[in-house]
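What you see is a predicted model; the values in this text were computed from it and never measured.
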Amino acid sequence: MSQIIRNGIITAGVLSSALALPVWAAKDAVIAVASSFTTLDPYDANDTLSQAVAKSFYQGLFSFDKEMKLVNVLAESYQASSDGLIYTIKLRPNVKFQDGSEFNAAAVKVNLDRASNPDNHLKRYNLFKYIATTEVVDPLTVKITLKQPFSAFINNLAHPAAAMISPAALKKYGKEIGFHPVGTGPYQFETWNQTDFVKVKKWPGYWKPGYPKLDSITWRPVVDNNTRAAMLQTGEATFAFPIPFEQASRLKANSKLDVVTTPSIMQRYISLNVTQKPFDNPKVREALEYAINRQALAKVAFAGYATPATGIVPPSIDFAQSYPAIPYDPAKARTLLKEAGYPNGFETTLWSSHNHSTAQKVLQFTQQQLAQVGIKVNVTAMDAGQRAAEVESKAQKESGVRMFYTGWSASTGEADWALTPLFATSSWPPAIFNTAFYSNPQVDADLAASLKTTDRAQKAQHYKDAQDRIWNDHPWIPLVVEQLLSANSKNLSGFYVMPDTSFNFDEADLK
């Protein structure tokens with residue numbers, strides 16, 4: 001029987017002895033992660049980690065592989081109409097939910113009707129807001145009609161939020177579905193102790209013969225970086241992510257562990273508020289790009305686990321453009337500042353969207369680098385509350401943002417979600433996250449046009465034109481693309497971190 005343990009109190013009259021951790025099965029993988037889980041309803045989770053855990057018991061129509069390439073899961077194929085408005089999806093036959101009910105087109109309709117209804121106030125509504133109707137053609141065929149052409153739609157359906165939940169469970173549990181997950185995935189939910197762990201166990205009715213290979217997975221939130229690493233050393237954890245960069249060498253010395261670096265889609269950058277002096281001057285913005293040594297930054301702040309940015313979209317995102325590396329050239333930076341009318345530099349502020357140790361190192365390094373070209377920078381590392389109040393909720397005329405260090409990962413794997421939220425005029429805060437308050441009508445036109453065509457060559461051209469213009473306008477200082485650092489017992493195979501910081505464990509097994 002599945003159970004929820006809230007605030008350390010077990011519901012449904014379960015004996016208090018169950019507060020102790022259960023005896024794990026022979027093939028139980030214990031996964032140490034960095035924070036607690038907000039909900040087990042992927043449609044209502046803003047954090048990637050909660051959605052990653054939900055992959056234990058939920059699947060979507062589509063997903064991504066470790067290179068962020070689209071793969072079919074519960075869908076066998078799809079066709080898009082020539083006008084980009086209708087998507088017809090053929091479903092995998094003979095799939096059941098963990099409550100024994102059938103997975104079919106009617107189930108897809110229930111899920112997408114729920115996701116696309118703004119009255120449900122689900123946190124991931126924006127991924128599904130273009131759906132006009134979802135219709136059942138036959139038990140294994142579903143037709144989705146959009147309100148307007150949106151050529152990244154299938155990528156949105158591959159996002160970890162787009163899970164197929166049992167309609168019977170939705171009807172039974174309603175708004176409490178986040179505590180009672182029922183999907184088609186390889187594992188079924190067993191226990192959630194909200195202060196300690198989530199445990200899932202092998203589901204014998206899984207549609208893929210021979211899978212899963214593990215008997216169970218226990219997800220353990222461990223907030224402290226050093227404790228997470230220590231659990232690997234003692235054998236308390238089978239896999240841990242993220243690993244603090246400074247712990248990598250110690251873990252590599254342990255012959256029982258593998259330390260793994262994974263390319264990510266986490267782009268780190270400093271946006272420049274182009275509506276405010278001196279950042280309204282393109283030469284100033286370009287000067288700052290030459291003033292920072294990205295190779296040194298990767299070593300100092302990321303212990304080498306980052307690569308200098310080659311564009312504004314990480315290379316593993318579909319339609320990303322790469323450009324020649326920006327050289328470290330403080331002399332050129334000073335020349336550009338002089339040409340812009342700032343021969344003696346200027347004073348400004350640099351805020352960070354986070355206050356953890358890596359962000360602090362980035363701020364300090366940037367402050368020192370810019371001082372060498374005459375720019376005095378006052379730095380502030382923000383916590384989540386400060387960021388929400390000072391950055392995310394203030395419109396351009398009220399905003400105190402000047403330079404802003406942050407990061408972005410596009411979990412749809414497609415360039416639209418890497419560009420539109422950060423560069424479209426419609427994405428100025430408080431709408432989304434264009435903290436540069438950048439606006440270029442041709443970029444807006446390119447981004448809109450790219451979504452209205454299903455022709456891949458046309459999409460590529462629009463995205464290239466948009467990225468070329470943004471790159472030459474310099475609204476950002478592109479910094480690095482992070483690498484993701486995980487570690488695991490050598491007994492564990494087939495469990496890895498995805499570029500969007502979620503997990504893939506389809507092939508996970510223990511010796």
Side-chain angles (χ1 to χ4, degrees), residues 266-292 294 297 308-314 317 319-326 332-333 336-337 339-340 342 346 348-353 362 366 369-370 373 375 377 387 391-392 394-397 399-410 415-448 450 462-481:
M266 174 56 78
Q267 173 97 23
R268 295 292 178 184
Y269 63 93
I270 296 172
S271 66
L272 306 170
N273 186 338
V274 301
T275 68
Q276 299 291 330
K277 289 186 179 297
F279 306 117
D280 59 343
N281 190 318
K283 286 192 175 181
V284 169
R285 303 197 298 266
E286 186 178 5
L288 298 188
E289 293 185 352
Y290 288 109
I292 293 179
R294 287 158 186 75
L297 173 66
T310 57
I312 52 172
V313 177
I317 294 288
F319 301 110
Q321 293 292 314
S322 290
Y323 302 91
I326 303 169
K332 185 165 185 176
L336 285 166
L337 287 172
E339 290 175 4
Y342 297 93
F346 54 86
T348 190
T349 57
L350 170 59
W351 295 350
S352 166
S353 62
V362 173
T366 304
Q369 292 266 284
L370 295 183
V373 297
I375 300 171
V377 178
R387 183 178 73 244
V391 181
E392 296 172 5
K394 288 193 175 179
Q396 182 262 334
K397 289 183 179 178
S399 180
V401 171
R402 297 300 181 264
M403 300 177 68
F404 186 61
Y405 168 67
T406 188
W408 186 266
S409 69
D416 174 69
W417 199 241
L419 292 169
T420 298
L422 305 180
F423 298 105
T425 306
S426 60
S427 299
W428 286 15
I432 311 187
F433 210 58
N434 180 353
T435 52
F437 295 98
Y438 173 76
S439 179
N440 183 316
Q442 188 54 51
V443 169
D444 290 343
D446 276 323
L447 295 178
S450 66
H462 288 305
Y463 282 133
K464 180 182 186 306
D465 186 65
Q467 290 172 78
D468 287 350
R469 291 173 187 276
I470 296 165
W471 187 255
N472 292 323
D473 284 344
H474 313 287
W476 277 10
I477 307 172
L479 295 176
V480 298
V481 177

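- Here the CE-OG1 distance, from Met403 to Thr349, works out to 8.5 Å after rounding to the nearest 0.5 Å.
- Counting heavy atoms from C-beta outward, Ile477 and Arg294 have side chains that approach closer than 4.5 Å.
- The main-chain N or O of Tyr463 is found under 3.5 Å from a side-chain atom of Gln467 such that the two form a donor-acceptor pair.
- Across Tyr269 and Gln267, no two heavy atoms sit closer than the pair CD2-O, 3.7 Å.
- The side-chain heavy atoms of Met266 and Ser409, taken from C-beta on, include a pair separated by under 4.5 Å.
- Looking at every heavy atom in both residues, Pro429 comes nearest to Asn434 through CD-O, 3.2 Å.
- Separation of atoms CG (Leu422) and OG (Ser271) is listed at 9.0 Å; rounding is to 0.5 Å.
- For the pair Tyr323 (side chain) and Ile312 (backbone), a donor-acceptor distance under 3.5 Å is absent.
- In this structure, Arg387 contributes its side chain and Ser353 its backbone to a donor-acceptor pair below 3.5 Å.
- Pro324 approaches Trp471 most closely through the heavy-atom pair O-CZ2, 4.2 Å.
- When side chains are defined from C-beta on, Val373 does not count as touching Tyr290, because their heavy atoms never get closer than 4.5 Å.
- Across all their heavy atoms, Ile317 and Ala410 have their closest contact at CD1-O, 3.6 Å.
- One finds the NE2 atom of His462 at 13.5 Å from the CG atom of Leu419 (value rounded to the nearest 0.5 Å).
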Side chain to side chain contact (heavy atoms under 4.5 Å, CB included) assessment of Thr366 paired with Val377: CA-CA 8 Å; Thr366 304; Val377 178; 5.9 Å; no

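- Between Lys332 and Glu289 the shortest side-chain heavy-atom distance does not fall below 4.5 Å.
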Go through it in stages, so that I can follow the logic: the residues are Val284 and Tyr342, the test is side chain to side chain contact (heavy atoms under 4.5 Å, CB included), and I'd like the CA-CA distance, side-chain angles, deciding distance and then a yes or no. CA-CA 8 Å; Val284 169; Tyr342 297 93; 3.8 Å; yes

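- The backbone N or O of Lys394 sits nowhere less than 3.5 Å from a side-chain atom of Ser399 that would complete a donor-acceptor pair.
- Minimum heavy-atom separation, Phe433 to Val391: CE1-CG1, 4.4 Å.
- Formation of a donor-acceptor pair under 3.5 Å by the Arg285 side chain with backbone atoms of Asp473 is found in this model.
- Nearest heavy atom pair, residue Leu370 against residue Ile292, reads CD2-CG1, 4.3 Å.
- Within the model, atoms CH2 of Trp428 and OH of Tyr438 stand 12.0 Å from one another, a figure rounded to the nearest 0.5 Å.
- Distance CH2/Trp476 to CD1/Ile270: 11.5 Å, rounded to 0.5 Å.
- For the pair Phe319/Val313, no side-chain contact is recorded, criterion being any heavy-atom separation below 4.5 Å from C-beta on.
- The CG atom of Leu272 sits 11.5 Å away from atom CG of Asn281, with the distance rounded to the nearest 0.5 Å.
- Of the possible donor and acceptor atoms, none in the side chain of Asn440 sits under 3.5 Å from a partner among the backbone N and O of Arg469.
- The aromatic rings of Phe346 and Phe279 lie perpendicular to each other, with more than 60° between the two planes, well past the 30° mark.
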